[in-house]
Amino acid sequence: MRRMSLRAGLSIAAFAGSCAAAVMGGAASSSSSAVLQAPAPPSRARRIANATTELDIERARRLLEEGEVDSPALTFERARLAIYTGDCDAASAILASPVFSAASEGTSMPELARSCARATAGSVVIDEPRQGVRIRLQDEADRALVPFIVSVAERSRAIIERDLGVVLPRPLRIDLVRDLFSLSAVSGLPLSAAETTGTVAVARWGRVTMLSPRATPLGYQWEDTLAHEITHLALSRATRDKAPLWLQEGIAKREETRWRAERPFDDTPSADAVAHAALVSGRSVGVDQLGASIAMLPTPEAASTAFAEVTSFMAYFVEKQGEAALRLLLADLKGIDSDDPSEALRSVTGYELPAWIAFWREHLLEGVKQSPQIAQETLDRGRDPAQGAELSRRVRLGDLLFAGGHVEAAATQLGPAVKLAPAEAAVRWRAARALLLAGDEEQAKQALGDEKDIQSVHGAWFAWHGRFLKRAAEAVSAERAFALGIAADPYSEDVACEGQRRASAGKSAGKVSGGGLPLPDDPQRRALCAAARAFARD
């Protein structure tokens with residue numbers, strides 16, 4: 001899973017200027033002596049562009065309504081504002097003029113507007129004015145997830161605003177799309193980049209565009225992803241989209257977990273350990289070498305390393321300078337008339353980026369206790385090839401037997417698989433469900449194990465763990481386990497239905513399927529359970 005934020009405000013004023021020049025025949029508007037004069041106040045088009053980039057939609061609208069509206073630069077800003085508000089049809093109609101295709105940067109925006117209009121045709125918009133959230137669903141089937149999205153958005157936004165000293169305007173706009181093609185169409189992120197790095201969400205054009213958890217085989221950490229992308233919007237507002245990529249991604253990684261209580265495996269492996277291993281092994285991407293976006297790096301491994309490096313770097317920066325310095329840096333970045341952050345960084349801290357990178361690398365080499373060998377083993381966790389082949393064979397055969405309703409035979413295959421991979425939550429869950437449906441609850445509990453027995457988050461594992469805890473009258477712990485499952489894989493039947501799985505079709509399953517299964521007590525989770533069963537991914 002990778003996340004990214006593309007710079008939404010780049011070259012807008014330059015484009016508006018080139019557009020106007022194209023219409024006027026490219027006549028020069030300044031003389032060589034202009035460099036000696038005081039800087040001119042920003043044009044109206046520039047002020048509109050700034051307001052839009054800062055997500056101040058009402059100010060941008062007021063500025064557009066003042067005076068003439070027929071200049072190419074202002075027309076372009078009207079189309080850009082329409083994209084920010086989600087009206088891609090209007091933007092596409094405005095940008096259909098040949099005026100915009102004649103300018104050097106005019107081809108990408110019209111194509112984005114057209115592809116966005118196609119992808120969002122027939123979408124469902126749900127407004128939650130009390131929480132200040134607006135969600136656009138490409139697929140009505142995702143409606144059951146909306147209350148959970150709104151809750152995470154509201155809670156994470158409050159913490160992000162507190163930490164960064166910025167208030168996001170309401171409503172917060174979130175698009176939920178069904179596949180990577182739509183993610184690319186709505187955001188402008190190249191499809192090849194999304195496929196290469198596994199991007200699941202983008203913060204661009206004043207909103208978060210996020211892949212539905214239904215689109216991936218095992219879901220993904222969608223809650224933290226949403227918080228991450230909301231942080232990008234807040235940083236764009238705070239800096240007028242002048243925050244460099246290392247700051248954008250480093251702070252977004254920092255904020256993606258600060259809105260909630262600590263969860264298992266939050267820092268496994270730690271960003272410092274991964275950055276340290278990359279540094280000493282020569283695999284470092286480089287905080288200052290990220291290119292246009294982490295999502296456009298050449299491999300998933302490079303993206304993972306880059307995320308770890310910027311996370312470690314910004315944690316070090318905040319530790320040394322404090323959150324007040326971070327807020328001051330954001331304000332200075334907004335105030336400078338340049339895309340180069342060096343001036344702001346030097347003004348706030350006395351050092352430019354190369355010096356900070358040197359300090360941070362020294363910190364990694366001196367302060368990280370975990371050896372690069374251990375960190376690398378954590379990243380490239382593997383097993384003996386023969387053992388891996390045996391594990392794969394047993395898991396595959398167990399899945400086929402379970403799908404055919406032969407739960408006892410599936411349990412026979414999956415029991416030894418747990419011994420081959422005792423820390424794999426997915427293997428433990430498979431064995432537990434087969435044993436439980438075969439009627440052996442005690443063996444199922446033993447096969448599932450406890451949190452200390454696994455090494456990563458798996459939605460269905462936590463749902464079944466919650467089921468066993470609920471039966472043991474450990475209500476608080478059970479609720480925590482169910483919530484962790486939804487945060488990872490909400491459209492799994494096991495997760496959404498709190499460990500209550502329908503038996504597979506087949507003779508063996510038929511004798512244990514019984515009557516109707518209990519549904520979650522909470523009405524929102526009950527609706528999610530129904531949606532998961534209708535989806536029937538499992």
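- Exactly one residue among Glu442, Gln443, Lys445, Arg467 makes a side chain to side chain contact (heavy atoms under 4.5 Å, CB included) with Leu436. That residue is Arg467.
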*Assess whether side-chain contact (heavy atoms from CB on, under 4.5 Å) is satisfied between Ile230 and Glu255, documenting all intermediate values.*
CA-CA 9 Å; Ile230 292 172; Glu255 293 295 325; over 6 Å; no

_Test log, rule side-chain hydrogen bond (donor to acceptor under 3.5 Å, both in side chains), inputs Thr257 and Asp266_ = CA-CA 8 Å; Thr257 60; Asp266 266 352; 5.2 Å; no

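- Residues forming a ring pair (Phe, Tyr, Trp, His ring centres under 6.0 Å) with Phe317 (at least two apart in sequence, or on another chain): Trp356.
- Leu245 and Gly291 make their closest contact through CD2-O, 3.5 Å (heavy atoms, listed as atom of the first residue, atom of the second, distance).
- Every salt bridge (Lys or Arg N to Asp or Glu O under 4.0 Å) that Glu161 has, sequence neighbours left out, goes to Arg170.
- Between the side chain of Glu256 and the backbone N or O of Ala227 there is no donor-acceptor pair closer than 3.5 Å.
- For the residue pair Ala201 and Glu229, the shortest heavy atom distance occurs at O-OE2, 3.5 Å.
- The nearest pair of heavy atoms linking Thr197 to Ile294 is CG2-O, 3.9 Å.
- Within the 3.5 Å criterion, the main-chain N or O of Met314 finds no donor-acceptor partner in the side chain of Trp246.
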_Arg173/Tyr84 under side-chain contact (heavy atoms from CB on, under 4.5 Å): CA gap, chis, key distance, verdict_ = CA-CA 9 Å; Arg173 292 178 168 85; Tyr84 268 71; over 6 Å; no

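- For Glu223, the salt bridge (Lys or Arg N to Asp or Glu O under 4.0 Å) criterion is met by Arg263, not counting sequence neighbours.
- Atoms CG and CG, on Leu435 and Leu414 in that order, are 8.0 Å from each other to the nearest 0.5 Å.
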*For Arg134 and Ile174, what are the C-alpha separation, side-chain angles and deciding distance, and is it a side-chain contact (heavy atoms from CB on, under 4.5 Å)?*
CA-CA 6 Å; Arg134 176 176 295 165; Ile174 302 168; over 6 Å; no

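- Neither side chain, Glu493 nor Gln500, offers a donor N or O lying under 3.5 Å from an acceptor on the other.
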*Test log, rule side-chain contact (heavy atoms from CB on, under 4.5 Å), inputs Val200 and Met210*: CA-CA 6 Å; Val200 293; Met210 190 165 67; 6.0 Å; no

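- Applying the 6.0 Å contact sphere to CZ of Phe265 captures more than 12 heavy atoms from other residues, nucleotides or ligands.
- Taking the ring pair (Phe, Tyr, Trp, His ring centres under 6.0 Å) definition, one finds that Phe482 meets it with nothing, sequence neighbours left out.
- Side-chain N or O atoms of Gln138 include one that pairs as donor or acceptor with a backbone N or O of Ala119 at under 3.5 Å.
- For the side chain to side chain donor-acceptor pair (under 3.5 Å) with His232, the lone residue among Gln248, Arg237, Arg204 that qualifies is Gln248.
- Residues forming a salt bridge (Lys or Arg N to Asp or Glu O under 4.0 Å) with Asp399 (at least two apart in sequence, or on another chain): Arg430, Arg433.
- In terms of the ring pair (Phe, Tyr, Trp, His ring centres under 6.0 Å) criterion, Trp259 has no residue partners (sequence neighbours excluded).
- The backbone N or O of Val125 sits nowhere less than 3.5 Å from a side-chain atom of Arg136 that would complete a donor-acceptor pair.
- Asp494 and Trp464 make their closest contact through OD2-NE1, 2.5 Å (heavy atoms, listed as atom of the first residue, atom of the second, distance).
- Side-chain N or O atoms of Asp453 include one that pairs as donor or acceptor with a backbone N or O of Asp450 at under 3.5 Å.
- When every heavy atom of Pro422 is checked against every heavy atom of Arg428, the shortest pair comes out as O-NE, 2.6 Å.
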